[in-house]
Structures are given as C-alpha cells and as structure tokens.
Amino acid sequence: MSNGTRVLVLNAGSSSVKYQLIDMLDGSRLASGLVERIGEAGGRLVHTPRGGVKREAEQVYPDHGAALKAVAEELTADGIGLDSPELAAIGHRVVHGGKRFTAPTLITDEVLTEIRRLIPLAPLHNPANITGIEVARELRPDLPQVAVFDTAFHANMPEYAARYAIDKAVADEHQVRRYGFHGTSHQYVSRATAALLGKDPAEVNVIVLHLGNGGSASAVAGGVCVDTSMGLTPLEGLVMGTRSGDVDPGVVFHLHRVGGLSIDEIDDLLNRRSGLLGLCGDNDMREIMRRAEDGDADAGLAFDTYIHRLRKYIGGYYAVLGRVDAIAFTAGVGENAAPVRAAAMAGLEELGIAVDAELNAVRSGEARVISPECSRVTVAVVPTDEELEIAQQTFALVGAAS
C-alpha cells in the first residue's frame with residue numbers, strides 16, 4: 001500500500017458512473033461527480049471539485065471505459081488525478097455478494113470471477129459493477145481495489161430470518177434466500193445513531209428506515225443486522241417509488257394465468273410500474289403530499305398505504321428486537337419529509353415512541369433527535385453517507401493488508 005490517504009469511490013450503474021474522491025484524514029470530499037447516459041446520445045459529465053466551480057460536459061461516452069477516462073481527466077485537471085501518490089485505493093460498490101462475500105474484499109481475478117457468478121442474483125446491477133471494476137483495474141493495475149457489497153451487512157442475519165419457507169433443497173440449489181440491500185447505508189446509519197446517543201454501537205438496538213425512491217428497513221441489535229425488509233431482490237418489503245414491496249406470490253400466478261401477462265411483463269409491472277407510481281401516477285413523495293393536501297384521493301391512498309406498510313415493519317422489528325433504543329430515518333424521503341416521519345410515528349406512544357412537532361419540522365443536514373426528551377425510544381433523523389462508508393471500509397481493509 002502507498003502512504004496515500006485518499007480513496008476514490010466508484011458506483012458504476014448500467015448507464016452511469018457516480019464517483020467521489022475522499023480524503024480519509026478528515027472525510028472531506030476532494031471531488032465528486034456523475035457521468036450519465038453512457039452509450040447513448042447526449043451523454044453528460046458533471047464534476048465538482050472541492051472549493052471549485054462545477055464543470056459540465058456533454059458528449060457521447062460510448063462505454064464505461066470512455067466515461068472513467070473522462071473522470072480521470074477531470075481529476076487530473078484539479079491536480080488530484082489517478083496517478084497521484086496520495087491515492088491509496090479505489091472502492092467499488094457491488095450490489096450483490098451472495099453468501100460468499102460478507103465483508104469488504106480485495107479484488108483479485110478470482111474474486112471478479114465469483115462476482116460474475118452472482119450475476120443471476122442481480123442481473124441489472126452486478127454486470128455494471130463488474131465493468132467499473134475492470135476499467136478501473138486497467139487504469140491503475142498497481143492500485144489496491146476493494147469491493148464493498150450492498151448485501152454484506154445483512155449476511156449475518158440468523159438463518160431463520162434469512163430463510164424462505166420453501167423446499168430447502170430447491171432453495172439451496174438456486175441460492176434462494178433473503179439477502180437484503182442498502183447494507184452500507186444501514187451500517188453507517190446504525191453506527192451514526194449510536195454516536196448520536198453517545199453510546200457504543202454494541203450497546204444499542206436500532207430500527208433503521210432507509211426511505212428513498214427505493215426503501216428498506218432493518219433491525220440492528222448491538223451493531224449486527226438481525227432482520228431486513230428486502231429479500232432475494234430489492235423488490236420485497238416496503239412500498240417504494242416504483243416497486244410494489246410485499247405482495248402475495250399468488251398475484252404473480254394470477255396475473256400470468258388469468259391476466260395473460262408474461263413473466264417479463266409482471267417483472268416490469270412490480271419493479272417499475274407499482275409502488276407509489278402505480279397507486280397514484282407519481283413516485284415523488286413531495287408531489288404526492290402536495291396532491292393529498294389538495295384532496296386528491298389517489299395521492300391520499302398512496303400516502304396512507306406507504307405509511308401503513310412502514311408502520312407494520314416498525315412494529316414487527318420492535319418485536320424482533322425486544323428492546324428498541326432508537327428509530328433512525330434516513331435517505332431522501334426519510335431525511336426531508338417531516339409529514340412521513342410524523343405519520344409513521346403517530347399513535348405509537350404506548351411503545352415509548354413519539355415525535356416532537358417543532359423538532360421534526362426543523363430542516364438540517366446534521367444528525368438530530370426529533371423525539372421529546374421524555375421518550376423511551378429516541379427518534380432521530382440521521383443523514384446517510386454510503387460513499388464515506390465504502391471509503392472507510394476500503395481504507396481499513398487496505399491498511400490492514402499492508
């Protein structure tokens with residue numbers, strides 16, 4: 001390992017690359033950016049250096065290789081290029097680690113082969129993650145590169161929480177189990193919540209509610225995830241922007257046999273045309289709340305359905321944990337939609353849960369408590385930072401291996 005203190009975090013999607021260059025001495029961002037519409041007309045790169053002016057470029061980026069080379073050029077222009085001796089490692093977000101990868105992992109040819117074998121579990125995500133890794137290794141073959149898996153934080157769930165009650169041999173043959181996602185966010189937020197309480201994570205039981213366009217809940221006991229709402233795929237669990245969340249599996253058979261929909265059409269329906277969008281035609285919570293306030297019945301139903309499902313998981317995870325020290329709201333909706341937080345917590349006073357209306361109304365980018373001082377359970381808003389979590393895990397692993 002070099003003596004560098006910087007980590008480049010890459011999140012490669014099917015047609016995009018998000019990136020942040022983080023100085024691990026203080027967690028500051030030296031640069032961040034996004035390349036989108038890779039392989040399409042009208043590609044766009046947005047690059048923001050620390051303390052500098054945002055730069056934008058529009059051109060065709062034919063593939064991820066061209067996109068990452070453009071990112072490297074932007075960083076070089078700021079004097080913080082990929083050839084800098086200050087760069088200690090590159091950390092990659094990888095969505096699915098299966099049962100094999102339960103911790104951040106130094107990337108080798110063998111590891112890359114194993115990630116490829118997991119593509120059937122995440123066909124939309126893992127191939128893009130692999131492409132990002134391959135291109136980054138070409139650009140800096142001498143530099144340690146680390147895979148940080150969305151599923152890893154949930155990998156130590158008790159077997160009874162991870163299992164579906166289907167034939168065990170069939171499940172094992174096809175790797176069918178509950179893996180969970182948003183793991184880096186749940187890990188970061190559960191630890192940050194303990195810090196907000198002034199306690200060691202090992203002493204704290206937290207329900208983490210990651211509410212964005214995608215949404216997931218987790219029950220974290222003493223720093224360890226013991227249950228989470230997403231399953232084999234990110235489709236299970238909460239009502240989301242375009243995903244249905246929990247449905248009776250019989251719905252799939254009914255839509256196929258009676259409705260005549262193909263398996264691919266049902267997949268598209270449940271993942272892209274359901275959730276809030278399916279209920280009211282909008283998947284932006286701000287617009288849904290505005291419409292509901294104006295008396296729109298569909299928007300009101302969408303909001304109520306979203307809250308009802310959320311409250312069911314809060315209650316369920318309260319039972320799983322037995323003792324709850326804190327409930328933490330995070331991600332775009334969780335951090336910014338005060339009415340969602342208020343509605344989700346309403347009527348739970350008998351469980352020691354309450355929200356202070358004035359504290360809840362405060363807008364801030366800082367972690368903060370929104371429950372009254374007398375509440376048995378602390379309710380908090382804790383901004384997530386998945387990129388910093390990936391950087392920290394990458395830097396810790398590379399340092400330990402040196």
Side-chain angles (χ1 to χ4, degrees), residues 10-17 38-39 63-64 92-137 145-157 159 161-184 186 214 216 225 228-237 240 242-247 249-253 255-256 261-275 390:
L10 292 179
N11 180 356
S14 58
S15 62
S16 67
V17 174
I38 296 170
D63 52 35
H64 285 72
H92 297 266
R93 178 197 181 214
V94 180
V95 166
H96 218 303
K99 289 189 70 176
R100 166 74 185 273
F101 299 109
T102 61
T105 304
L106 198 63
I107 296 170
T108 63
D109 291 342
E110 180 192 1
V111 166
L112 206 50
T113 297
E114 289 299 314
I115 296 173
R116 281 195 188 93
R117 288 178 181 165
L118 294 168
I119 285 175
L121 293 176
L124 298 178
H125 298 94
N126 272 30
N129 303 154
I130 290 166
T131 300
I133 291 169
E134 290 174 333
V135 173
R137 292 179 86 198
Q145 309 215 17
V146 173
V148 177
F149 298 91
D150 269 15
T151 51
F153 183 57
H154 309 302
N156 294 315
M157 284 192 298
E159 193 67 5
R163 281 279 177 184
Y164 291 109
I166 66 172
D167 182 278
K168 187 172 183 295
V170 172
D172 290 346
E173 180 183 357
H174 299 289
Q175 303 181 78
V176 175
R177 61 188 289 111
R178 300 182 64 249
Y179 293 99
F181 299 89
H182 295 147
T184 51
H186 286 279
S216 58
C225 178
T228 192
S229 59
M230 287 179 167
L232 173 72
T233 75
L235 182 58
E236 186 180 358
M240 301 174 231
T242 66
R243 297 183 191 129
S244 64
D246 294 337
V247 294
V251 170
V252 176
F253 313 140
L255 291 174
H256 180 60
L261 276 69
S262 70
I263 295 300
D264 286 343
E265 287 172 329
I266 298 170
D267 187 329
D268 180 71
L269 170 70
L270 296 180
N271 275 290
R272 298 181 181 85
R273 296 188 289 119
S274 295
I390 292 170

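The shortest distance between side-chain heavy atoms of S274 and L269 falls below 4.5 Å. You'll find the side chain of T228 reaches within 4.5 Å of the side chain of M157, heavy atoms only. A 4.5 Å side-chain heavy-atom check between V148 and T184 finds at least one atom pair inside the cut-off. Considering only heavy atoms from C-beta on, V17 comes within 4.5 Å of H64 through its side chain.
Note on D109 versus R137: salt bridge recorded, some NZ/NE/NH1/NH2 to OD/OE distance being below 4.0 Å.
Between the side chain of T131 and the backbone N or O of P127, at least one donor-acceptor pair lies under 3.5 Å. The closest donor-acceptor contact from the side chain of Q145 to the backbone of A136 lies under 3.5 Å. The backbone N or O of I38 lies less than 3.5 Å from no partner atom in the side chain of S15, so there is not a single donor-acceptor pair. Under a 3.5 Å cut-off, the side chain of R178 and the backbone N or O of Y164 do not form any donor-acceptor pair. Side chain of D246 to main chain of G237: a donor-acceptor pair is present (N/O by atom type, distance under 3.5 Å, no hydrogens or angles).
The two residues A147 and V94 make their nearest non-hydrogen contact at CB-CG2, 3.8 Å. Nearest heavy-atom pair, S216 versus H182, reported as atom, atom and distance to 0.1 Å: OG-ND1, 2.7 Å.
Put simply, the residue from M230, H154, H186 that forms a side chain to side chain contact (heavy atoms under 4.5 Å, CB included) with F181 is M230.
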Item to complete: For the pair F101 and L118, evaluate side chain to side chain contact (heavy atoms under 4.5 Å, CB included) and give the outcome as yes or no after the intermediate values.
Response: CA-CA 10 Å; F101 299 109; L118 294 168; 4.0 Å; yes
Discussion item. Set out, in order, the CA-CA distance, both residues' side-chain angles and the distance that settles side chain to side chain contact (heavy atoms under 4.5 Å, CB included) for I107 and V146, then state yes or no.
Written reply: CA-CA 5 Å; I107 296 170; V146 173; 5.6 Å; no
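For I266, the side chain to side chain contact (heavy atoms under 4.5 Å, CB included) partners are V252, L255, H256, L261, L270, not counting sequence neighbours. With sequence neighbours left out, the side chain to side chain donor-acceptor pair (under 3.5 Å) criterion links K168 to D172. Under the side chain to side chain contact (heavy atoms under 4.5 Å, CB included) criterion, A152 pairs with F149, not counting sequence neighbours. Remark: N156 engages no residue in a side chain to side chain contact (heavy atoms under 4.5 Å, CB included) (not counting sequence neighbours).
If you check the side chains of H96 and T151, you find no donor sitting under 3.5 Å from an acceptor. With no hydrogens or angles considered, no side-chain donor-acceptor pair links E236 and Y179 at under 3.5 Å.
The distance from the OG1 atom of T233 to the CG atom of N271 is 6.5 Å, given to the nearest 0.5 Å. Here R272 contributes atom CZ and S244 contributes atom OG; the two are 12.5 Å apart, rounded to the nearest 0.5 Å. Remark: L112 CG to H92 NE2 distance equals 9.5 Å, nearest 0.5 Å. A distance of 9.5 Å separates CG of D268 from OG1 of T242, quoted to the nearest 0.5 Å.
Annotation: salt bridge (charged side-chain N to carboxylate O under 4.0 Å, His left out) contacts involving residues 120-131, sequence neighbours excluded, are absent. Residue pairs meeting the side chain to side chain donor-acceptor pair (under 3.5 Å) criterion with at least one member in residues 117-130, sequence neighbours excluded, are E114-R117.
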